[in-house]
Amino acid sequence: MNTEQVRVRFAPSPTGDFHVGGARTALFNYLFAHHHSGKFILRIEDTDQKRFNPDAMGWLTNGLSYLGLDWDEGPGKGGEFGPYVQSERLNIYNEHIQILLDKGFAYRCFCTPERLEQVREEHKANKVDIGYDRHCRNLSNDESIKRAEAGEAFTVRIKLPLDGNTTVTDAIRGDIVFDYGRLQDSVLIKADGIPTYHFANVVDDHLMKISHIMRGDEWVNSLPLHMYLYQCFGWEPPILAHLPIILNPSGKGKMSKRAQRAPDGSEYPVFVRQFEGAGYLSDALVNFMALLGWSFDDKTEEMTRDELIQRFSLDRISSSPAAWNYEKLNAMNGDYLRQLPNEDLVSRIEPFLTSAGFDYTQDRLLKLIPLVKERMTTLSDSVNQLDIFLVEDLKPYDVTLLLPKKTTAGETASLLKAVHPALEISEFTQEKIEEMLRRLVSELDVKAGQLFQPIRVAVCGRKAAPPLFETLEALGKTWSLNRIGNAITLLES
RNA sequence: GGCCCGUUCGUCUAGUGGUUAGGACUCCAGGUUUUCAUCCUGGCAACAGGAGUUCGAUUCUCCUACGGGCUACCA
């Protein structure tokens, strides 16, 4: 184990939306850094100009701050190893590629994309494994320089050993052996002068004194190339840990980067901002993601951020992929939500109520929140839970909801008519309401449910609702009686 | 196709050379209850298959199957 300061990085490329797969990688890096009182560095790998997306940076930083994954060094934060955006480090890569060229560890390749494509196809047809035929590998130094100076376009490729093998060590998977004979002379610098990921990442990780690399599983195959680069430079490589990927809920295939549709047509969130927009608490999301590929013991599931930091360790990361489970996330989010103090919960639902166009005061919400708290799984549920309290007119509902089994509209209407005078009380409180309605039940000689259900539907417009007496009090006498009146009209029409 | 990684209830996972293989989500049943939900109790449910090593393998090794990843002048 490296005894130097722990320095880890999250190094996304700004090509698209901030996906939960990336978020989980960022989280593990963050937890590891904080566990070791080290540094969590954000580095932007924008070496692909074609796929650059100008919105990506905002999605990323907003997402990280929603998740509470603050970085110690990186864009907007600075740090002594900057710049932290790769497109601003081109001179550094130029210097370093020159070292490799001078030492003969890399060579210029003048092959055109067309020729490469053709070679690849031929090789494919002949079932040859390797795409590139190393056509330019043995060009003389003189010719190479001459052609470059003449302005001919070129890439720079690594000159990998032609045979033998190499053993690389992964902190999660152990030793992995690769045959050099099956590897390609990958491109290090593209024809536009910009490095590929492989080259930039090695140079930057070394220069930024990264102690541990925790990244997605999809990089294990490029391990021998990266390790060989460290060797060429004579640098000591960081400790590597390849994280298991996140699978779709079905367990089939990598977690999609396209918005998924549920069987009922609704959309599953897959991007961080979609989870935020759907009203997931970041603490719950973080807790849930921490458990995807990592565990503390055989029973501990809910952990605060500090506990996560305190308990996180590399050796409890699993090597097998994990499927994303929305039900479990929902259950966890509901738990977190219920544990929130009412004041806190109120301030978190406000943005959702505002964008739904509701009028409210904080005091009002504070009174209402206990009624709906245990019926919510996400913050956005507050909208369709609280609408009946915040909007005077009920949405139209099916009249049959008003009718308990085996009762007619006429019977129910007359029951509701009896409710009206019973609730003409000056003190419109839960206790008084209950007293009056229970008395009414025995006077009318009906079962409690026979009376309560129609009232509930009359005032809520639906069968599933918070407890009746509290609901009536929260609604107030005027709204309650008006709605009961409306129900009677509905029954008699 | 080649290379690499992986495989414990449906899902996330714990675990050990000898355990009634544990927990959580889901689901089911019951309780609380005026509905829904919460909450409580209980239940269903797993070591992919085959060889080997061993007194004994879910655990160690190999093979097969299956799943996944990579195979670009993308990351």
Side-chain angles (χ1 to χ4, degrees), chain A residues 11-16 45-51 109 111-113 116-117 120 124 127-132 153-157 170 172-173 176-179 182-184 186-192 194-198 200-201 215-224 242 244-245 247 249-254 288 291-302 316 318-332 334-335 338 372-377 385 404 434 437-438 441 447-453 455-457 460 462-469 471:
Chain A
S13 47
T15 51
E45 310 220 325
D46 57 344
T47 53
D48 187 345
Q49 297 186 312
K50 296 183 197 89
R51 294 199 305 156
C109 170
C111 296
T112 61
L116 293 174
E117 180 59 26
R120 227 185 336 265
K124 212 173 170 183
K127 296 193 173 168
V128 175
D129 299 344
I130 294 149
Y132 176 56
F154 65 90
T155 63
V156 179
R157 289 180 183 268
D170 180 275
I172 295 170
R173 278 151 234 278
I176 307 171
V177 182
F178 292 91
D179 287 334
R182 297 192 180 281
L183 300 173
Q184 308 219 26
S186 301
V187 170
L188 265 20
I189 302 285
K190 298 178 270 186
D192 58 8
I194 296 174
T196 59
Y197 168 82
H198 301 297
N201 128 314
R215 83 236 281 200
D217 189 62
E218 66 268 27
W219 295 108
V220 298
N221 280 295
S222 43
L223 259 174
H242 287 89
I245 58 161
L247 269 21
S250 62
K252 305 251 177 208
K254 191 153 96 164
F288 173 76
L291 261 14
L292 242 36
W294 175 83
S295 64
F296 174 60
D297 61 13
D298 59 337
K299 35 182 75 74
T300 314
E301 296 227 310
E302 288 194 7
R316 292 199 64 87
S318 141
S319 53
S320 49
W324 188 273
N325 184 340
Y326 287 97
E327 275 105 30
K328 185 149 184 169
L329 204 215
N330 285 342
M332 195 172 260
D335 279 345
R338 261 164 254 125
V372 297
K373 198 174 181 178
E374 61 205 25
R375 270 157 271 261
M376 293 166 56
T377 61
Q385 292 282 347
E434 175 160 11
L437 290 181
R438 292 217 185 268
V441 164
K447 283 185 188 154
Q450 259 181 297
L451 180 64
F452 294 165
Q453 187 194 318
I455 302 176
R456 177 178 299 108
V457 173
C460 298
R462 52 184 177 242
K463 279 185 170 179
L468 184 57
F469 313 123
T471 302

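In the text below, chain A, chain B and the rest are named by the order of the sequence lines, each starting its count at 1. What you see is a predicted model; the values in this text were computed from it and never measured.
When the P atom is used for both B:U38 and B:C28, the distance is 13 Å, rounded to whole Å. The same atom, P, is picked in B:C60 and in B:G6; the two are 12 Å apart, to the nearest Å. Across the P atoms, B:G50 and B:U59 are found 12 Å apart, a figure rounded to whole Å. Comparing B:U26 with B:A37, their P atoms sit 12 Å apart, to the nearest whole Å. Rounded to whole Å, the C1' atom of B:U58 lies 10 Å from the corresponding atom of B:G17. Taking atom P in both B:A57 and B:G52, the straight-line distance is 11 Å, to the nearest Å. Comparing the same atom, P, in B:U11 and in B:A46 gives a spacing of 12 Å after rounding to whole Å. Atom C1' of B:U8 sits at a distance of 23 Å from the matching atom of B:C4, rounded to the whole Å.
Taking 4.0 Å as the cut-off between side-chain N and carboxylate O, A:R173 and A:D217 count as a salt-bridged pair.
Close to B:C73, at under 4.0 Å from its OP1 or OP2, lies a side-chain N or O of A:R120. Using a 4.0 Å cut-off, no side-chain N or O of A:S222 falls inside it from OP1 or OP2 of B:C70. Taking 4.0 angstrom as the limit, A:K373 places none of its side-chain polar atoms (N or O) nearer than this to OP1 or OP2 of B:C39. Contact annotation: A:T196 side-chain N/O to B:C73 OP1/OP2 distance is not under 4.0 Å.
Ring geometry for A:F452 versus A:F469: interplanar angle over 60°, hence perpendicular rather than tilted (30 to 60°).
Here B:C60 sits opposite B:G52 as a Watson-Crick or G-U wobble pair (both hydrogen-bonding atom distances under 3.5 Å). In this structure, B:A37 forms no base pair with any nucleotide, since neither Watson-Crick nor G-U wobble geometry is met with both distances under 3.5 Å. The partner of B:U16 is absent, by the rule that a Watson-Crick or G-U pair needs both atom distances under 3.5 Å. Pairing for B:U7 goes to B:A65, judged as Watson-Crick or G-U wobble with the two contacts each under 3.5 Å. Both distances falling under 3.5 Å, in either a Watson-Crick or a G-U wobble arrangement, occur for no nucleotide opposite B:A75.
Distance from the side chain of A:R173 is smallest to B:G6 among B:G6, B:C74, B:C73. The side chain of A:R375 approaches B:C36 more closely than any other nucleotide in the set B:C74, B:U11, B:C36. Comparing B:U38, B:C12, B:C73 by their closest approach to the side chain of A:E374 singles out B:U38. Of the candidate nucleotides B:A37, B:A75, B:C73, B:C73 has the atom nearest to the side chain of A:V187. Closest to the A:I176 side chain, of the nucleotides B:C3, B:A72, B:C4, is B:C4.
Residue A:D129 contributes atom CG, which lies 18 Å from atom P of B:C70 at whole-angstrom precision. Taking atom CG on A:L188 and atom C1' on B:C73, their separation rounds to 11 Å, with Å as the unit. B:C3 atom P lies 18 Å from atom CG of A:L223, rounded to whole Å. Regarding A:R215, its CZ atom lies at a distance of 18 Å from the P atom of B:C4, rounded to whole Å. What separates CD of A:Q49 from P of B:A75 is a distance of 10 Å, to the nearest Å.
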What N/O pairs connect the protein and nucleotides 65-69 of chain B at under 3.5 Å? Give each pair on its own line.
{"residue": "B:G69", "atom": "OP1", "partner": "A:K254", "partner atom": "N", "Å": "3.4"}
{"residue": "B:G69", "atom": "N2", "partner": "A:N221", "partner atom": "ND2", "Å": "2.7"}

Write down the protein N/O and nucleotide N/O pairs, taken from nucleotides 22-28 of chain B, whose separation is under 3.5 Å; answer none if there are no such pairs.
{"residue": "B:G22", "atom": "N2", "partner": "A:D298", "partner atom": "O", "Å": "2.9"}
{"residue": "B:G23", "atom": "N2", "partner": "A:E301", "partner atom": "OE2", "Å": "3.4"}
{"residue": "B:A24", "atom": "O2'", "partner": "A:E301", "partner atom": "OE1", "Å": "2.6"}
{"residue": "B:A24", "atom": "N3", "partner": "A:K328", "partner atom": "NZ", "Å": "2.9"}
{"residue": "B:C25", "atom": "O2'", "partner": "A:K328", "partner atom": "N", "Å": "3.3"}

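Taking 3.5 Å as the limit, the base of B:C3 and the side chain of A:R182 contain no donor-acceptor pair of atoms between them.
When each of A:A465 and A:P12 is assigned the nucleotide of RNA chain B with its nearest heavy atom, A:A465 is the one assigned upstream, toward the 5' end.
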